[in-house]
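A short write-up of the structure that comes next.
Start at 1 and go down the list; that is how both ligands and their atoms are numbered. Quantities reported herein were computed from a predicted structural model and do not represent experimental measurements.
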Amino acid sequence: MVRRVSIFGATGSIGQNTIDLIARNPDAYEIIALTGGANVTQLAADARRLRADVAVTAHEEQLPELRDALAGSGIETAAGEAALLEAAARPADWIMSAIVGAAGLAPGLEALKHGTTLALANKESLVTAGAMLMATARDHGAQVLPVDSEHSAVFQALVGEEMAAVERIIITASGGAFRDWPLEALEHATPDEASSHPNWDMGRRITIDSASMFNKSLELIETKEYFGVRPDQIEVVVHPESLIHAMVGFTDGAIMAHVGPPDMRHAIGYALHWPERQSLPVHRLDLAQIGTFTFRAPDEVRWPALRLAREVMGIGGLAGAAFNAAKERALDGFIAGDIRFTAMAEVVEDVLTRLSADPGLSSAQITLDTVRQMDHLARQRAAEAISARG
Ligand code: NAD
Ligand code: MG
């Protein structure tokens, strides 16, 4: 049976890995929509190669360029937010949600409303609006499949298990680029230094978020929202080898660990073929050669983002949307050279402190509108906190 597939964020790291898997077996898939941002050359090339129905760029000013690149191909072109939603509403069996940041939420929700299975790499969707996303899926009988490696690992460890038997979920963290740096050196770390990951090859933003552990802090919240466990049931352990992606601890004391190479095509492929397993082109581990798996507790002085995530889970409501937006804005500030690496967490903490003075943060209803408003407000507050430091 040919499956209808769309890829949102097709030009990014996850998107390209998804295309790599799909292009190995082109007859099995019909490509409905491919979307991207500024890289319209890549988007057009992939749309031609996979014979997509439509290619959408998020940037309206780039529509003429996309049109030119696809002239004569018979492939539709479109641009902008409304076009992304229209593409997400097109009938499909499976959609990869791999836009980076809060912009990934609306297209994913739209796909779920049409009953489409959502392979979710965009963790920000769960962080900003987890309850709404999961309720939308339930209401429309649609499946959300985790693609983040840790969450895919937990999902796989839970096959055949009852959630009632789950005591704890342990997600691993490599520690990122600065795991072994002296603490006082962190202050002077540059965006380029933060952009090199010891084990994984990912997009630039998520790689910097790995160095600060903001990525892991988003994943803590993602775990709570996706699996419906309490915050105190979720642990982070530093595992420099990045070979165990997550573990589930059960009420009988057993721990099921998911072991695999650090290659996102595993988690993407699991979601693509779920509930089956199919052969995937990932490296097979030689455990005797690897020899040891090591673990250590995460240092909350080095990585204050982890503490902030626990505060956010405690507040609930729109705190996740505020946290993510402040984090995204602080990251922009760091990349632009406006603030130091260590100031990102300070900025986010400032924003949370200011916004949580309003009880509405925890009690507000989560809708696309309230999430957007909070996103906007938190970015504004973060910009103020950044300029106060400049
Ligand atoms: P990336 O930066 O490589 O790619 C992002 C994609 O989103 C690109 O196609 C870009 O054009 C598009 N995009 C950016 N801003 C947009 C906007 N405002 N509107 C529409 N499209 C936009 O990112 P990535 O590393 O592939 O990550 C994608 C998502 O997957 C993120 O949520 C990330 O946290 C998550 N994730 C990534 C990895 C990884 O290995 N890269 C692992 C786990 C989870
Ligand atoms: Mg991850």
Numbered atoms of ligand 1 (with element) below 4.0 Å of [X], judged on heavy atoms:
{"X": "Ala103", "value": "17 (C), 18 (N), 19 (N)"}
{"X": "Asp148", "value": "43 (C), 44 (C)"}
{"X": "Gly36", "value": "11 (O)"}
{"X": "Ala121", "value": "30 (O), 32 (O), 35 (C), 36 (N), 44 (C)"}
{"X": "Ala98", "value": "5 (C), 6 (C), 7 (O), 28 (C)"}

Subject >> Distance-only donor-acceptor check, side chains Ser152 and Ser149, under 3.5 Å >> reply: no

**OP:** Say whether Arg204 and Ser195, considering side chains only, have a donor N or O and an acceptor N or O under 3.5 Å apart.
**Re:**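 Result is yes, a qualifying pair exists.
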
Looking only at atom types and distance, does a side-chain atom of [X] sit under 3.5 Å from a main-chain N or O of [Y], one as donor and one as acceptor?
{"X": "Asp93", "Y": "Arg4", "value": "yes"}
{"X": "Arg205", "Y": "Glu328", "value": "yes"}
{"X": "Arg389", "Y": "Ala385", "value": "yes"}

In the protein, what heavy atom is nearest to [atom], and what distance, to one decimal place, separates them?
{"atom": "atom 26 (O) of ligand 1", "result": "Ile14 N, 2.9 Å"}
{"atom": "atom 25 (O) of ligand 1", "result": "Gly203 N, 3.1 Å"}
{"atom": "atom 20 (C) of ligand 1", "result": "Ala58 CB, 3.4 Å"}
{"atom": "atom 34 (O) of ligand 1", "result": "Lys123 CE, 3.2 Å"}
{"atom": "atom 12 (C) of ligand 1", "result": "Gly9 CA, 4.2 Å"}

Original post:
Name the one of Thr172, Asn199, Thr294 that satisfies side chain to side chain donor-acceptor pair (under 3.5 Å) with Glu241?
Top reply: Thr294

Looking only at distance, does [X] have an N or O less than 3.5 Å from an N or O of ligand 1?
{"X": "Gly37", "value": "yes"}
{"X": "Thr11", "value": "yes"}
{"X": "Glu124", "value": "yes"}
{"X": "Ser13", "value": "yes"}

Original post:
Closest to the Mg ion (ligand 2), which N/O/S atom of Asp148 is it?
Top reply: OD1

**OP:** Nearest 10° is fine: what angle sits at the Mg ion (ligand 2) between OE1 from Glu150 and OE2 from Glu219?
**Re:**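 An angle of 100° at the metal.
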
Original post:
Heavy-atom contact under 4.0 Å between Arg205 and ligand 1?
Top reply: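 Under 4.0 Å: no for Arg205.
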
Where does the angle between the aromatic ring planes of [X] and [Y] fall among parallel (under 30°), tilted (30 to 60°) and perpendicular (over 60°)?
{"X": "Phe295", "Y": "Phe293", "value": "perpendicular"}
{"X": "Phe334", "Y": "Phe341", "value": "perpendicular"}
{"X": "Phe227", "Y": "His151", "value": "parallel"}

**OP:** Answer yes when Arg90 and Glu76 have at least one side-chain N-carboxylate O distance shorter than 4.0 Å, and no when they do not.
**Re:** yes

Original post:
Going by an N to O cut-off under 4.0 Å, is there a salt bridge joining Glu349 and Arg307?
Top reply: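 A salt bridge links Glu349 with Arg307.
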
Original post:
Where the closest heavy atom to atom 37 (C) of ligand 1 is concerned, which of Leu34, Thr18, Ile206 has it?
Top reply: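 Shortest heavy-atom distance from atom 37 (C) of ligand 1: Ile206.
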
Original post:
Which option, Val100, Leu43, Val56, Thr57, owns the non-hydrogen atom nearest atom 14 (C) of ligand 1?
Top reply: Val100

**OP:** Please confirm whether His266 and Trp200 have ring centers closer than 6.0 angstrom.
**Re:**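 His266 vs Trp200: aromatic centres not under 6.0 Å.
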
